[in-house]
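To start, the structure under review is shown below, and the notes come after it.
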Amino acid sequence: MAKVPAAAVAASGLVGGYGIARWTKKRPLGGVALAAAGSVAAYEWNRQAGARAAVGLTAAYVAAFAGSHPLAKKVGAWPAVFAVAGGVAAASWAVTRRGA
């Protein structure tokens, strides 16, 4: 089975969670996708870079989700989601590449 980088999992969770919530019109379903991807990413962050890094990156993931809401009022929903997903992916890559 191919290994998917934690950065891709986290970014996909943010984008996919929003997409699911928007297209199904069921916000809790989007939240489930967001939480599931966040859990997988947190597990990988812990495995690759340790507990401190996992806690920090998980906090960044949650902050990105929360921050996308006010940002969306300024730039639009999709641009906001892509911006925060890119930020989390970049942070994840920067932290976990040292352990590789």
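Between the CG atom in Leu29 and the CD1 atom in Ile20 there is a gap of 6.0 Å [rounded to 0.5 Å].
Residue Val75 is grouped with residue Val84 when hydrophobic side chains (ILVMFWY) are merged at heavy-atom distances under 4.5 angstrom, including chains of intermediate members. No path of Ile, Leu, Val, Met, Phe, Trp and Tyr side chains, each step under 4.5 Å between heavy atoms, connects Val81 with Phe65, placing them in separate hydrophobic clusters. Transitive grouping of hydrophobic side chains (ILVMFWY, heavy atoms separated by less than 4.5 Å) brings Leu14 and Val95 into a common cluster. Hydrophobic cluster membership is shared by Phe82 and Tyr18, with clusters built from Ile, Leu, Val, Met, Phe, Trp and Tyr side chains linked at under 4.5 angstrom.
Distance alone, capped at 3.5 Å, places no donor-acceptor pair between the Asn46 side chain and the Ala54 backbone.
When all heavy atoms of Gly17 and Ala33 are compared, the pair lying nearest together is CA-CB, 4.2 Å. Considering all non-hydrogen atoms of both residues, Val9 and Ala41 come closest at CG1-N, 4.0 Å. Between Ser12 and Ala8, the shortest heavy-atom contact is OG-O, 2.7 Å. Shown here for Arg22 and Ala77, the closest heavy-atom pair between the two residues is NH1-CB, 4.3 Å. When all heavy atoms of Ala42 and Thr58 are compared, the pair lying nearest together is CB-OG1, 3.5 Å. Here the closest non-hydrogen pair linking Ala60 and Val88 is O-CG2, 3.9 Å.
Side-chain contact between Leu34 and Tyr61 is present, with at least one heavy-atom pair separated by less than 4.5 Å.
A side-chain hydrogen bond (donor to acceptor under 3.5 Å, both in side chains) check over residues 65-92, counting only residues at least two apart or in different chains, returns the pairs Trp45-Ser92.
With no hydrogens or angles considered, no side-chain donor-acceptor pair links Arg47 and Tyr43 at under 3.5 Å.
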